[in-house]
Structure formats: structure tokens, C-alpha cells
Visitor: 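Please read through the structure below; I'll follow up with questions.
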Amino acid sequence: MITIYELIAESSDDKLPTSPLPTARLRGLIGQCIKVYSKTHNLKLYETFFKPKKGIIGKEIARKIPPPKPYIINPPTLLHENTIQFRLTVFGHANQLMPHILKAIKKEHGKLQLLEATIVNDITGEKWEANNQDEKTQQQSITYQMLLQNVKQHIENKEKINITLTLLTPLRLTRNGTDIQPNQLKPSDLIRYTARRLFLLDYLYYSAGKNLPIKLSPENVKKLMEWSDKTIQTKTTLTQKTIHLKQKTNTLTGKIKLETQNTEEAHKLAFLLKTCEYLGIGKHTAYGLGKYTLTYTP
């Protein structure tokens with residue numbers, strides 16, 4: 001369902017190490033490889049995986065929201081000169097395309113040469129070599145059940161739940177079309193974004209909502225949002241950071257601390273946050289914005 005590919009690649013792109021947004025730059029390099037590979041092999045890999053467009057279902061479910069990509073690229077780490085390591089997290093049925101994606105990351109298709117590919121399951125701690133012919137990807141994925149069990153291990157038998165989100169990349173959230181400022185963030189903003197992202201990804205690329213452990217209907221999400229703003233205490237150490245993508249964009253960096261009673265609603269919140277720890281939230285999540293780590297405190 002959620003599969004994490006840890007990749008090591010050689011890059012001949014001189015601008016990647018000094019790029020102000022290295023993940024966005026890396027996304028472009030991977031996209032170029034996939035685009036050339038797709039054209040060479042007469043496939044629609046680029047359109048299906050990298051640039052999905054709204055179909056009939058997409059228009060019905062996403063409305064004016066662009067369909068989310070079924071992947072997220074984590075910020076790259078420079079291992080040594082011209083060699084980088086990064087994670088490519090892939091959701092749902094898009095994992096069936098990964099043998100082609102791995103084959104596409106080669107010098108003859110662009111400026112990257114894949115050196116090593118490993119599948120990592122952070123929940124179980126297991127690792128596997130990512131074989132292009134491997135048919136066991138489903139067994140190596142992080143499932144909803146694994147995420148639920150992981151959440152329960154941290155919050156069961158506790159009177160209160162304390163969760164901290166540490167932002168690893170800039171986060172952009174909006175409310176009514178306006179960027180949310182550091183002192184304006186509400187718990188309901190996190191629920192709105194995590195629920196929408198998970199619902200759209202599941203509907204478009206996995207189970208059409210059938211396998212979700214919590215029902216993410218508009219009514220249920222609205223109730224959860226209302227509950228969160230009434231009962232969750234929020235402490236933030238957020239600052240605003242302006243970055244330049246296609247246009248000037250205001251984002252948030254820092255930490256978000258949430259405290260609430262251990263209730264059924266809190267379990268739903270914890271599950272949404274844990275799932276989107278892997279999937280990211282906010283705008284432009286396909287290339288790393290909205291990435292965070294989740295920690296629990298006594």
C-alpha cells in the first residue's frame with residue numbers, strides 16, 4: 001500500500017548540490033529520465049505515474065483540486081561528490097510501475113544513474129533489495145493495519161495524548177484561499193489536509209475508499225475538525241519562510257505540538273497524522289514539501 005524505495009544514484013547535474021530546493025530539482029531530473037524512457041519504450045509511464053491528469057473519477061472526486069501524485073520524493077542526502085541518497089515513497093497500485101521507474105533512472109535517459117535500490121519498511125524494520133522482477137512488493141508495503149497498530153502502541157493506556165510534528169521541509173497550508181500564518185494554525189487545518197490527501201490517494205490509486213479504516217466522508221471529517229478545535233491544545237514554534245517555486249510562496253517551518261484526551265477521535269487524528277508522515281501534507285507534496293516526523297511524549 002505504501003512502499004518506501006531507498007535509492008542511491010549518481011548525478012551529473014551540477015546545480016543539484018547548490019539548489020535552494022534540491023527536492024524539486026531532483027524531481028525534475030527523475031521526471032526527465034521517465035519521460036525519455038516512456039517515449040523510447042512507447043509507454044504512458046510519464047503521464048500515469050509522474051503527471052496524472054483528471055479523468056472522469058478525478059473530476060468527480062477532486063473537483064477543482066489537481067489530482068495528487070501517487071508518490072513523494074524525500075530531500076536528497078549527498079553521500080559524496082556526485083552521489084546522492086533519497087527515498088521515493090509510492091502509494092497503492094502505482095507500485096506496479098516501479099520496475100519500469102527503476103529501469104528509467106539511467107544515464108542514457110537523463111542525468112541520473114541508479115546505483116542501488118532497497119525497499120524499506122520502517123514499521124517492521126525489514127529491508128529488501130528492490131528487484132525489478134520482484135512480485136512481492138505488496139508483502140513489503142506498509143499497510144493501514146501496520147499504521148493502526150503502531151499508533152496504538154504509542155497511545156494505549158495513556159490518559160492524555162501528546163504528539164509533536166517536526167517539519168522537515170517547508171509546509172504550505174491555506175484556508176479559504178489564503179496562506180495560513182504561523183500564529184493562525186488550527187488543529188482542524190491538519191485534519192482537513194491529512195484527511196483530504198489520504199482520501200484522494202486511496203480513492204484514485206488504491207481501494208476507492210473501501211479499505212480505509214476510518215470513514216472519511218465530508219460529514220465525518222467536519223465532525224472531527226470541530227472536535228479538534230474544541231478539545232486540542234496547540235503549541236507551535238512556527239516561522240514563515242518564503243520560497244520561490246513557479247511563484248513566490250509563503251510556507252511554515254518549525255514544530256507543532258498537540259495535546260488532547262485519549263478518546264476515539266484522538267485515535268483517528270493519530271492515524272491520519274501517522275499515515276501522512278509518509279505521504280506528506282500541504283501543497284507540492286510530490287517533491288518534498290509538507291514532510292514531517294511524528295513523535296509522542298509522555
Side-chain angles (χ1 to χ4, degrees), residues 2 62 65 68 72 74 89 91 142 144 147-148 150-152 154-155 158 160-203 212-241 249-286 288-297:
I2 298 175
I65 304 170
I72 179 170
N74 287 9
T89 302
F91 184 88
I142 297 173
Y144 289 141
L147 293 166
L148 278 171
N150 182 268
V151 166
K152 289 180 180 179
H154 287 93
I155 65 179
K158 291 184 178 180
K160 289 187 177 181
I161 298 174
N162 294 276
I163 301 176
T164 300
L165 285 73
T166 302
L167 303 182
L168 301 179
T169 60
L171 168 64
R172 184 191 177 200
L173 300 179
T174 62
R175 191 189 308 132
N176 299 323
T178 303
D179 290 334
I180 295 175
Q181 302 299 310
N183 61 345
Q184 297 175 336
L185 183 71
K186 298 179 180 179
S188 58
D189 294 318
L190 296 175
I191 291 175
R192 176 165 50 92
Y193 267 90
T194 53
R196 180 173 65 182
R197 179 158 176 78
L198 177 56
F199 175 80
L200 288 174
L201 284 171
D202 185 89
Y203 196 97
L212 285 169
I214 58 177
K215 191 174 182 180
L216 296 177
S217 64
E219 296 78 16
N220 287 350
V221 173
K222 184 178 179 181
K223 289 180 181 178
L224 195 59
M225 289 172 61
E226 292 173 349
W227 163 84
S228 69
D229 285 340
K230 291 179 181 178
T231 62
I232 295 179
Q233 296 181 12
T234 307
K235 295 181 181 179
T236 64
T237 54
L238 297 173
T239 57
Q240 183 171 293
K241 180 179 181 180
T249 303
N250 294 321
T251 64
L252 303 173
T253 60
K255 292 186 178 183
I256 304 167
K257 295 183 179 181
L258 307 172
E259 180 182 306
T260 187
Q261 298 295 319
N262 195 336
T263 63
E264 182 180 350
E265 290 82 4
H267 293 181
K268 294 177 182 178
L269 168 66
F271 170 75
L272 287 173
L273 292 176
K274 184 62 183 178
T275 304
C276 285
E277 181 180 19
Y278 294 100
L279 303 178
I281 54 174
K283 302 289 185 178
H284 311 299
T285 51
L289 274 73
K291 178 69 178 175
Y292 62 85
T293 57
L294 201 66
T295 54
Y296 304 85
T297 55

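All of these numbers come straight from a predicted model, not from anything done at the bench. Along the sequence shown, residues carry numbers from 1. For the numbers below, each heavy atom of this structure counts, side chains included, while hydrogens, waters and symmetry mates do not.
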Visitor: Nearest 0.5 Å, please: how far is CG in Leu258 from CD1 in Ile232?
Guide: 5.5 Å
Visitor: In Å and rounded to the nearest 0.5 Å, what is the OG to CG distance from Ser217 to Leu212?
Guide: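 The distance works out to 11.0 Å.
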Visitor: Can you tell me how far the CG atom of Leu185 sits from the CD1 atom of Ile256, to the nearest 0.5 Å?
Guide: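 If we round to the nearest 0.5 Å, Leu185:CG and Ile256:CD1 are 5.0 Å apart.
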Visitor: For the residue pair Glu265 and Thr263, confirm or rule out a side-chain donor-acceptor distance under 3.5 Å.
Guide: yes
Visitor: Rounded to the nearest 0.5 Å, what's the gap from CZ on Arg192 to OG1 on Thr174? Could you check?
Guide: 6.0 Å
Visitor: Is there a donor-acceptor pair under 3.5 Å between the side chain of Thr275 and the backbone N or O of Phe271?
Guide: yes
Visitor: Can you give me the closest heavy-atom contact between Thr239 and Pro182, atom names plus distance?
Guide: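 Here Thr239 and Pro182 meet closest at C-CG, 3.9 Å.
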Visitor: Can you tell me how far apart CD1 (Ile281) and CZ (Arg197) are? Round to the nearest 0.5 Å.
Guide: 9.5 Å
Visitor: If the condition is side chain to side chain contact (heavy atoms under 4.5 Å, CB included), which residues does Thr297 pass it with, not counting sequence neighbours?
Guide: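 If we apply the side chain to side chain contact (heavy atoms under 4.5 Å, CB included) test to Thr297, skipping adjacent residues, the hits are Asn162.
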Visitor: For Tyr193, is the NZ or CZ atom of Arg196 found under 6.0 angstrom from the centre of its six-membered ring and inside 45 degrees of the ring axis?
Guide: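 Positive - Arg196 is close enough to the ring of Tyr193 and near enough to its axis.
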Visitor: Can you give me the closest heavy-atom contact between Leu171 and Gly282, atom names plus distance?
Guide: CD1-CA, 4.1 Å
Visitor: Please identify each residue that fulfils side chain to side chain contact (heavy atoms under 4.5 Å, CB included) with Thr293, with sequence neighbours left out.
Guide: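 Expected list: Thr166, Leu168, Glu277.
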Visitor: For the residue pair Leu198 and Tyr144, establish whether any side-chain heavy-atom pair is separated by less than 4.5 Å.
Guide: yes
Visitor: On a heavy-atom basis, which atom in Ile161 and which in His267 lie closest, and how many Å separate them?
Guide: CD1-CD2, 4.3 Å
Visitor: Are the side chain of Tyr292 and the backbone N or O of Lys255 linked by a donor-acceptor pair below 3.5 Å?
Guide: no
Visitor: Let me confirm one number: the OG1-NZ distance from Thr295 to Lys257, rounded to the nearest 0.5 Å.
Guide: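 Interatomic distance, Thr295 OG1 to Lys257 NZ, rounded to 0.5 Å: 8.5 Å.
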Visitor: Just wondering, do Leu294 and Thr164 contact through their side chains at under 4.5 Å, heavy atoms?
Guide: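 When only atoms from C-beta onward are counted, Leu294 and Thr164 do not touch, as no gap falls below 4.5 Å.
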Visitor: Is the closest basic N to carboxylate O distance between Asp189 and Lys186 below 4.0 Å?
Guide: no
Visitor: Is any side-chain heavy atom of Leu216 closer than 4.5 Å to one of Leu272?
Guide: yes
Visitor: Quick one: do the Arg172 and Thr249 side chains pair a donor with an acceptor below 3.5 Å?
Guide: no
Visitor: Please step through side-chain contact (heavy atoms from CB on, under 4.5 Å) for the pair Leu167 and Leu238, ending with a clear verdict.
Guide: CA-CA 9 Å; Leu167 303 182; Leu238 297 173; 4.0 Å; yes
Visitor: Provide the closest heavy-atom pair for Leu200 versus Pro68 in the form atom of the first, atom of the second, distance.
Guide: CB-CG, 3.9 Å
Visitor: Hey, is the main chain of Gly290 close enough, under 3.5 Å, to the side chain of Thr169 for a donor-acceptor pair?
Guide: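 Present.
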Visitor: Check whether any side-chain heavy atom of Lys291 lies under 4.5 Å from a side-chain heavy atom of Asn74, and answer yes or no.
Guide: yes
Visitor: Does the side chain of Leu279 come within less than 4.5 Å of Phe91's, by heavy atoms?
Guide: yes
Visitor: Side chain of Lys158, backbone of His154: donor and acceptor closer than 3.5 Å?
Guide: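 Looks like yes, one N/O pair under 3.5 Å.
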Visitor: Work out which heavy atom in Thr285 is nearest to a heavy atom in Ile72; give both atom names and the distance.
Guide: O-CG1, 2.9 Å
Visitor: Is the closest side-chain heavy-atom distance between Phe199 and Val221 below 4.5 Å?
Guide: no
Visitor: Can you name the closest pair of heavy atoms from Ala270 and Ile155 and give their distance?
Guide: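 Smallest interatomic distance, heavy atoms only, reads CB-CD1, 4.4 Å.
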Visitor: Given Asp229 and Met225, is the side-chain contact (heavy atoms from CB on, under 4.5 Å) satisfied, shown in steps?
Guide: CA-CA 6 Å; Asp229 285 340; Met225 289 172 61; 5.6 Å; no
Visitor: Taking atom NZ as the centre, does Lys215 end up with more than 12 heavy-atom neighbours from other residues, nucleotides or ligands that are less than 6.0 angstrom away?
Guide: no
Visitor: Leu252 versus Thr236: any side-chain heavy-atom pair under 4.5 Å?
Guide: no
Visitor: Mark yes or no for whether Arg175, through its side chain, and Gln184, through its backbone, hold a donor-acceptor pair below 3.5 Å.
Guide: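 Yes, because the side chain of Arg175 sits within donor-acceptor range (under 3.5 Å) of the backbone of Gln184.
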Visitor: Between Leu190 and Leu269, is any pair of side-chain heavy atoms under 4.5 Å apart?
Guide: no
